[in-house]
Amino acid sequence: MLTKEELPACPVATTVQLIGSKWKLLIIRNLRSRPWRFNELKKDLEGISQKVLTDSLRSMEEDGIITRTVYPEVPPRVEYALSPLGESMRPILDAMEQWGNDYKKQLQ
């Protein structure tokens, strides 16, 4: 997790730094509905490489946005879910979804 000194002074820039990549936003979009497994995310996020997905999940876990749960099974099952901090971003994603829908309606 970054320290306060490592984050930009601007709160909007801080948010963009944490979730501003295309893939991170789409991962969070998926995790709003339920926990997902790695391969489910990889299959659903068309075009994402395994490396980018791995790096994005690790980064968001480090930043406290998602949780990674390993179930003691054979073979091991790993699920990713939004943490309470990640859940607090739900209004941001909801607003983005609403704006996107409104924009699409204007184009019709």
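A quick note: this is a predicted structure, and the numbers were derived from the prediction, not measured.
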By salt bridge (charged side-chain N to carboxylate O under 4.0 Å, His left out), E46 pairs with (sequence neighbours left out) none
Run the side-chain donor-acceptor check on residues 19-26: report pairs under 3.5 Å with partners two or more places apart or on a different chain.
| residue | atom | partner | partner atom | Å |
| --- | --- | --- | --- | --- |
| S21 | OG | K24 | N | 3.1 |
| K24 | NZ | S59 | OG | 2.9 |

Determine, stepwise, if the pair E97 / R32 fulfils salt bridge (charged side-chain N to carboxylate O under 4.0 Å, His left out).
CA-CA 12 Å; E97 181 180 23; R32 287 188 316 165; 3.4 Å; yes
Linking I/L/V/M/F/W/Y whenever any side-chain heavy atoms sit under 4.5 Å apart, do I66 and V16 land together?
no
Backbone N or O of R37 within a donor-acceptor pair of the E40 side chain at under 3.5 Å?
yes
Hey, does the side chain of R77 reach the backbone of P72 with a donor-acceptor pair shorter than 3.5 angstrom?
no
E73 atom CD: more than 12 heavy-atom contacts under 6.0 Å:
yes
For a 4.5 angstrom cut-off between non-hydrogen side-chain atoms, does R68 reach L57?
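No, too far: nothing below the 4.5 Å cut-off.
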For the pair E79 and R34, evaluate salt bridge (charged side-chain N to carboxylate O under 4.0 Å, His left out) and give the outcome as yes or no after the intermediate values.
CA-CA 10 Å; E79 288 185 344; R34 63 176 174 85; over 6 Å; no
Can you name the closest pair of heavy atoms from N30 and L41 and give their distance?
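Taking N30 first and L41 second, the nearest heavy atoms are ND2-CD2, 3.8 Å.
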Closest non-hydrogen contact found for T67 with S83 is CG2-CB, 3.8 Å
Find the distance between CZ (R29) and CG (L31) and round it off to the nearest 0.5 Å.
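Separation between the atoms: 10.0 Å.
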Distance in Å, L93 CG paired with Q98 CD, rounded so as to fall on 0.5 Å steps
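Atom-to-atom, L93:CG and Q98:CD are 13.5 Å apart.
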Candidates I65, L82, L45 - the one meeting side chain to side chain contact (heavy atoms under 4.5 Å, CB included) with I27
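Per the side chain to side chain contact (heavy atoms under 4.5 Å, CB included) rule, the option paired with I27 is L45, out of I65, L82, L45.
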Cluster membership besides Y71, Ile/Leu/Val/Met/Phe/Trp/Tyr side chains within less than 4.5 angstrom, sorted by chain and number, is none
